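Taking it in order: structure first as structure tokens, then the write-up.
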Amino acid sequence: MEILKVENLYKSFTGADDVVTGVSFEINEGEVVAVIGPSGSGKSTLLRCLTLLEKVDRGSIFVAGQPMVTTSPSGRVVYAPEAELRKIRLQLGMVFQNFNLFPHFSVLRNITEAPVRVAGMTPEEAETIARQLLAKIGLSEKANAYPYQLSGGQSQRVAIARALAMKPAILFFDEPTSALDPELTGEVLKVIRNLAAERMTMMVVTHEMRFARDVADRVLFMDHGQIIEEGPPEIVLDAPTNERTRAFLSNFNANGY
Ligand SMILES: Nc1ncnc2c1ncn2[C@@H]1O[C@H](COP(=O)(O)OP(=O)(O)O)[C@@H](O)[C@H]1O
Ligand SMILES: [Mg+2]
């Protein structure tokens with residue numbers, strides 16, 4: 001089943017050049033899609049449009065078949081009514097580069113807050129789920145800690161647990177390891193690898209080429225607001241056909257990693 005369908009998406013900001021310029025792709029249930037591309041190519045803006053943090057200028061987005069936003073042939077952009085958007089938003093999980101944990105909440109409360117306040121779970125149910133997720137990411141002993149007491153890697157694992165607690169249909173990651181010291185990236189990538197093994201549907205913007213190679217079913221290369229090349233990692237990362245993909249990958253080491 002198609003979890004995400006994106007058609008001809010455009011987004012610009014006043015005073016800036018067009019940032020996303022005609023992006024179309026689909027993600028099927030259980031698929032892991034990695035997005036690579038140079039800084040400024042529009043990757044974060046695309047993710048923010050997909051997760052309702054930015055409004056698109058035109059184009060269509062469908063989540064599990066439901067229209068989130070559509071654009072008429074005359075160019076009129078129509079978002080789903082607020083009640084529908086609220087349901088759709090619940091299906092979209094996001095993990096940010098800088099974790100964005102609530103600093104004044106404990107680890108446990110960071111995870112239970114949205115399930116209780118937004119999804120209407122009982123506090124007991126939310127806590128049970130939160131503790132299961134903490135066990136899964138190996139942080140049970142940190143349930144009562146506060147974000148300032150965590151390493152970056154631990155913070156990001158909590159941020160992933162927080163997103164998972166909402167049981168999203170798709171989880172988006174925007175460079176989840178870019179803010180981490182190199183020795184801490186492994187523990188975060190391992191959590192994402194385990195989710196991939198469980199067939200969690202994910203779209204991951206990353207500069208970790210080896211991770212993309214191992215975990216992604218498909219790689220999208222973005223440049224100047226467009227998807228320039230798309231395909232299995234063996235092709236896009238190891239034998240790219242597009243000159244711009246080749247030039248980008250040459251910034252990594254000799255094997256493209
Ligand atoms: N809120 C904004 N206002 C103005 N320009 C923005 C805004 N967000 C992003 N941009 C611009 O859009 C371009 C693409 O940014 P971004 O989506 O963050 O790219 P990437 O994530 O690939 O590095 C950049 O030139 C950036 O300065
Ligand atoms: Mg970015």
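Quick caveat: nothing in here was measured; it's all calculated off a predicted structure. Both counts, for ligands and for their atoms, begin at 1 and track the order of listing. When a residue number appears, it is its place in the shown sequence, counting from 1.
Looking at T71, its side chain never comes within 3.5 Å of a backbone N or O of G75 through a donor-acceptor pair. The backbone N or O of D18 lies less than 3.5 Å from no partner atom in the side chain of T21, so there is not a single donor-acceptor pair. Of the possible polar contacts, none joining the E127 side chain to the E124 backbone as a donor-acceptor pair under 3.5 Å is found. Counting only distance, with no hydrogens or angles, the side chain of E229 and the backbone of N242 share a donor-acceptor pair below 3.5 Å. One N or O on the side chain of D217 and one on the backbone of V32 form a donor-acceptor pair closer than 3.5 Å. Side-chain atoms of N110 come within 3.5 Å of backbone atoms of F102 as a donor-acceptor pair (strictly under, hydrogens ignored).
Protein residues having at least one heavy atom under 4.0 Å from any atom of ligand 1 are F13, V19, P38, S39, G40, S41, G42, K43, S44, T45, listed by chain and number.
Taking the ring axis of Y146 as reference, the NZ or CZ atom of R109 does not stay both within 45° of it and closer than 6.0 Å to the ring centre.
Summarising the geometry, atom CD belonging to E208 is positioned 9.5 Å from atom CD1 belonging to I192; distances are rounded to the nearest 0.5 Å.
Protein atoms that are N, O or S and lie under 2.8 Å from the Mg ion (ligand 2) are these: S44 OG.
In the model, D17 has no side-chain atom that pairs as donor or acceptor with a side-chain atom of S12 under 3.5 Å.
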